[in-house]
Amino acid sequence: MLDIKFIREHADIVKKNCEDRNMRVDIDALLRVDAARLDLLKEVELLRKERNEIADVMKSASPDQRPAFIERGKALKESLAVKEADLVAAEGEWLTLLLQVPNIASPEAPVGNTDEDNKEVRRSGEIPVIEEVKDHVELGKTLDILDFERGAKVSGNKFYYLKGKLALLEQALIRFALDEAVAHGFTPMTTPDVAKDEMLSGTGYTPRGNESQIYSIENQDISLIGTAEITVAGYYQGEIIEEEKLPMRIVGFSHCYRTEAGAYGRESYGLYRVHQFSKVELFIYASPEQSEAMHQELLRVEEAIWTKLGIPYRVLDICTGDLGAPYTRKYDLEAWMPGKSNANGGRGEWGEITSTSNCSDYQARRLGIRVKRPNGSIEFLHTLNGTAIATSRGMIAVLENGQQPDGSIRIPDALIPYCGFDRIS
RNA sequence: GGAGAGGUGGCAGAGUGGUCGAAUGCGCCUGACUCGAAAUCAGGUGUCCCUUCACAGGGACCGUGGGUUCGAAUCCCACCCUCUCCGCCA
C-alpha cells in the first residue's frame with residue numbers, strides 16, 4: 001500500500017497513476033473517509049485522555065470524592081465505547097480503500113494498456129529452424145514423459161504427471177537455477193508451500209474472493225502459495241533489518257499453486273498454464289537507494305540463466321496497464337516456444353518464462369518490514385522479485401526448442417551435468 | 001492428539017488491580033577520566049499514530065482478539081506460539 005500521507009499530499013499523482021494503470025479506485029472517497037477517520041481518532045483520544053485523568057485522580061481521591069469520579073468515569077466509558085465503534089468502522093472502510101490503491105508506476109515504465117504497449121528491450125539467441133514442429137504436449141505424449149490424462153483422472157484438469165527423463169529434467173532445471181543464483185550471491189531457501197492469508201494480502205495477492213487465483217484451505221486462514229515470493233517476503237514480516245545487511249539476496253524454492261480461474265484456450269495450452277508447478281524464485285530485500293540497481297541485477301541473473309540454457313528470448317519492459325498493483329516496474333522474459341500455438345495450427349510464439357518486479361516499499365509497508373539506518377532512523381525497505389525458473393514453462397522451452405527431426409529432444413549443454421543424459425528419445 | 005509450564009523492552013529477567021511504558025542486570029549511545037584502550041563514574045537508550053514550522057503536547061502498544069472495572073501487564077474467556085513429558089509418525 002501507499003503512505004496515506006503521500007496520497008493526501010499528492011492526490012493528483014495518485015489519480016493519474018490509477019488512470020495509467022487502468023485501475024478504478026475512488027481516491028476522493030478515500031480522502032473523505034480519511035478525514036472522517038482522523039476526526040474520530042481525535043475525539044476518541046480526547047475521551048481517553050479524560051478517562052486517564054480521572055483514573056489518575058482516583059488514586060488519591062478521598063472516599064467522599066470517589067462516587068462522583070466513578071460516575072464521571074462510567075459516563076465517559078459509555079461515550080467512548082460509541083466513538084470507538086465508529087472509529088473501528090471508519091478504519092475498516094479506510095483500509096479497504098487504501099489497499100486498493102496501486103503502487104506508483106516508475107516514470108520510466110511505458111504507459112499503456114495492451115500487449116502492444118509493452119516495450120521490447122532486446123532479443124537474444126537464434127530462433128531455431130524446425131521442420132514439422134511439434135508442441136510439447138505432443139512431444140511429451142510420443143516420448144511417454146508427460147501425462148495430462150492421468151493427471152486429470154487423479155487430480156483434475158490441468159494437473160499432470162512428469163515421467164522418466166522429464167521428471168529428471170525438472171529436477172535438473174531446479175538445481176541448475178539454484179546453482180546459478182547461488183553463484184550470483186543468493187542464499188538458497190526452501191519455503192513452506194502454504195502461508196497465512198495475512199502474508200498473501202501483505203504481498204499483494206488476494207487469498208479469498210471471486211477473482212482469487214489462490215487455493216485457500218477451508219476453515220483455516222492459510223492458503224497454498226502461488227509463488228515463493230509470498231513466503232520469502234513474509235520471512236521478515238514485522239521485522240527491522242540493519243542497513244548493513246542489505247541488499248539481501250534470497251533464492252527461494254517452492255511448489256506453486258494457482259486456480260487459474262477463467263483462463264482457458266490458446267493461452268493455457270498444455271504446461272503453459274497449470275494448477276501446480278515448481279519455481280525457483282529470486283528475491284531481494286534492498287534499501288530504497290539500492291532497489292533500482294537490484295532490479296537490473298535480477299534481470300541480468302535471469303538473462304544469464306536463459307542464455308546458458310541456449311533458449312532464444314526477448315526482454316519486455318511491461319506497460320503500466322499490465323504491471324500489477326504492487327509493482328513500480330516489471331520486466332518479462334519471453335522465450336521462443338516453437339510449438340506454442342501449434343495446437344491451433346499456428347507457428348511459434350513468444351511465451352512468458354520470467355518476470356521481475358520492483359515493489360519499492362509497497363509490500364514492505366503492508367508487511368511491516370523496515371530498515372534501520374546507521375543514524376538510527378527507521379523506514380520501510382524495498383522488495384524485489386524475479387523468476388529464475390518456473391519448471392512448467394521452462395520445460396516447454398527446453399522440449400520445443402530442443403526437438404530434433406528424429407523426434408528426440410536435445411538437452412541444453414548446461415543441463416547435461418544435472419540430468420545425466422543429453423537426449424530424451 | 002493428551003497433560004503441564006510459559007509468552008514483558010536488543011537480550012536476560014522483576015512485576016499479580018491505580019504510584020508501571022514498565023525495576024534490575026547485560027548490551028548499545030553520549031560525556032568525564034586516559035596517549036589510546038580497558039576499568040570506573042554521570043547521563044541517555046522501544047515502536048506506532050495524532051496535533052505542531054518548531055519547542056512541545058496527547059493517544060496506543062507487556063503474544064493476538066474479546067470481556068470485567070471508574071481504572072488492566074496484572075482478573076476472566078477464546079485463539080496463536082514456545083518449552084517439558086506422553087502418544088503418533090516420514
Side-chain angles (χ1 to χ4, degrees), chain A residues 1-9 30-99 101 190-202 207 216-223 231 234-246 248 254-255 361-381:
Chain A
M1 68 185 153
L2 293 181
D3 186 353
I4 185 65
K5 287 177 190 161
F6 179 86
I7 299 176
R8 278 183 210 137
E9 288 160 18
L30 172 60
L31 292 174
R32 276 197 303 276
V33 173
D34 180 52
R37 172 188 142 265
L38 283 185
D39 287 343
L40 277 168
L41 181 64
K42 282 172 212 164
E43 291 184 54
V44 164
E45 290 191 345
L46 199 64
L47 288 170
R48 284 177 182 160
K49 183 185 178 187
E50 286 184 55
R51 179 198 63 192
N52 292 343
E53 282 167 354
I54 286 177
D56 197 51
V57 171
M58 276 293 285
K59 291 172 197 164
S60 51
S62 63
D64 53 317
Q65 288 175 315
R66 288 179 157 261
F69 286 127
I70 288 176
E71 278 314 303
R72 178 74 189 123
K74 280 184 176 174
L76 272 174
K77 185 160 77 168
E78 278 172 34
S79 38
L80 187 56
V82 173
K83 285 293 174 194
E84 280 180 334
D86 290 348
L87 180 61
V88 167
E91 282 178 336
E93 196 182 344
W94 178 77
L95 191 62
T96 303
L97 286 166
L98 181 58
L99 289 177
V101 182
T190 303
T191 86
D193 284 351
V194 300
K196 294 180 182 172
D197 290 348
E198 174 191 351
M199 302 300 166
L200 283 276
S201 37
S216 52
I217 292 174
E218 200 175 6
N219 298 327
Q220 297 194 52
D221 71 334
I222 53 176
S223 301
T231 40
Y235 189 79
Y236 284 111
Q237 186 264 127
E239 300 193 29
I240 295 171
I241 296 169
E242 304 286 338
E243 185 173 16
E244 59 259 33
K245 293 190 176 153
L246 302 179
M248 257 197 287
S254 80
H255 297 103
D361 62 4
Y362 193 86
Q363 284 180 336
R365 181 172 284 107
R366 285 194 180 199
L367 289 167
I369 308 174
R370 289 168 294 168
V371 52
K372 185 168 196 175
R373 307 285 200 174
N375 69 8
S377 73
I378 289 174
E379 62 188 285
F380 293 109
L381 49 69

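By convention in this document, chain letters (A, B, ...) are assigned in the order of the sequence lines, proteins followed by strands, and residues within each chain are numbered from 1.
Pair assignment for B:C26: B:G10, on the basis of Watson-Crick or G-U wobble contacts that are both within less than 3.5 Å. Remark: B:U40 base-pairs with B:A32. Criterion, Watson-Crick or G-U wobble with two distances under 3.5 Å. Partner assigned to B:G65 is B:C77, using Watson-Crick or G-U wobble distances below 3.5 angstrom. Partner assigned to B:C20 is none, using Watson-Crick or G-U wobble distances below 3.5 angstrom. Across the strands present, B:G71 finds no partner; the criterion is a Watson-Crick or G-U wobble pair with both atom distances under 3.5 angstrom. In this structure, B:U52 forms no base pair with any nucleotide, since neither Watson-Crick nor G-U wobble geometry is met with both distances under 3.5 Å. A 3.5 Å limit on both hydrogen-bonding distances identifies B:C83 as the Watson-Crick or G-U partner of B:G4. When Watson-Crick and G-U wobble pairs are counted only if both distances are under 3.5 Å, B:A90 pairs with no nucleotide at all.
Distance check on atom C1': B:G21 versus B:U45 gives 14 Å, rounded to whole Å. Between the P atoms of B:A73 and B:U68, the separation comes to 16 Å (whole Å). B:U8 and B:U82 have their C1' atoms separated by 15 Å, given to the nearest Å. Comparing B:A12 with B:C48, their P atoms are spaced 22 Å from each other, to the whole Å. Here the separation of B:U84 from B:G59, taken at their C1' atoms, is 41 Å to the nearest Å. Of the P atoms belonging to B:G1 and B:A14, the separation is 30 Å, rounded to the nearest Å. Between the P atoms of B:U16 and B:G27, the separation comes to 28 Å (whole Å). Between B:C11 and B:C28, the distance separating the two C1' atoms is 11 Å to the nearest Å.
There is no side-chain donor-acceptor pair under 3.5 Å between A:Thr96 and A:Glu93.
Using a 4.0 Å heavy-atom distance criterion, A:Leu46 is classed as making no nucleic acid contact. Residue A:Asn52 is classed as a sugar-phosphate contact, given heavy-atom separations below 4.0 Å to backbone atoms only. Within 4.0 Å of A:Arg51, counting heavy atoms only, lie sugar-phosphate atoms of the nucleic acid but no base atom. Among the heavy atoms of the strands, none lies under 4.0 Å from A:Ile240. The residue A:Arg37 sits apart from the nucleic acid: no heavy atom pair falls under 4.0 Å. Counting non-hydrogen atoms under 4.0 angstrom, A:Lys372 reaches nothing in the nucleic acid.
In this structure the side chain of A:Leu30 reaches within 4.5 angstrom of the side chain of A:Leu98, judged on heavy atoms. Counting heavy atoms from C-beta on, the side chains of A:Gln65 and A:Met58 never come closer than 4.5 Å.
For the pair A:Ile70 and A:Leu38, both in contact range of RNA chain B, the more 5′-proximal nearest nucleotide belongs to A:Leu38. Each of A:Arg66 and A:Lys196 was matched to the nucleotide of RNA chain B holding its nearest heavy atom; the match closer to the 5' end belongs to A:Arg66.
Scanning both residues, A:His255 and A:Asp193, for their nearest heavy atoms gives ND1-OD2, 2.9 Å.
A distance of 12.5 Å separates NZ in A:Lys245 from CG in A:Leu381, rounded to the nearest 0.5 Å.
Electrostatic pairing of A:Glu243 and A:Arg373 counts as a salt bridge here, judged by a charged N lying under 4.0 Å from a carboxylate O.
With sequence neighbours left out, the side-chain contact (heavy atoms from CB on, under 4.5 Å) criterion links A:Ser216 to A:Arg208, A:Ser223. Scored by the ring pair (Phe, Tyr, Trp, His ring centres under 6.0 Å) test, A:Phe380 finds no partners at all (sequence neighbours excluded).
Nucleotides of RNA chain B that come within less than 4.0 Å of any heavy atom of chain A span, from the 5' end to the 3' end, B:G18 to B:G71.
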With a cut-off of 3.5 Å and sequence neighbours excluded, list every side-chain donor-acceptor pair involving residues 32-48 of chain A.
residue	atom	partner	partner atom	Å
A:Asp34	OD1	A:Arg8	NH2	3.3
A:Asp34	OD1	A:Arg37	NH1	2.8
A:Asp34	OD1	A:Trp94	NE1	3.0
A:Asp34	OD2	A:Arg8	NE	2.5
A:Asp34	OD2	A:Arg8	NH2	3.4
A:Glu43	OE1	A:Lys83	NZ	3.0
A:Arg48	NE	A:Glu84	OE2	3.2
A:Arg48	NH2	A:Glu84	OE2	2.9

Solution key, residues 67-82 of chain A side-chain donor-acceptor pairs under 3.5 Å, sequence neighbours excluded:
residue	atom	partner	partner atom	Å
A:Arg72	NH2	A:Glu50	OE1	2.7
A:Ser79	OG	A:Ala75	O	3.1
A:Ser79	OG	A:Leu76	O	3.2

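Distance alone, capped at 3.5 Å, places no donor-acceptor pair between the A:Arg370 side chain and the A:Glu379 backbone.
RNA chain B lies under 4.0 Å from at least one heavy atom of each of the following residues of residues 76-91 of chain A: A:Lys77.
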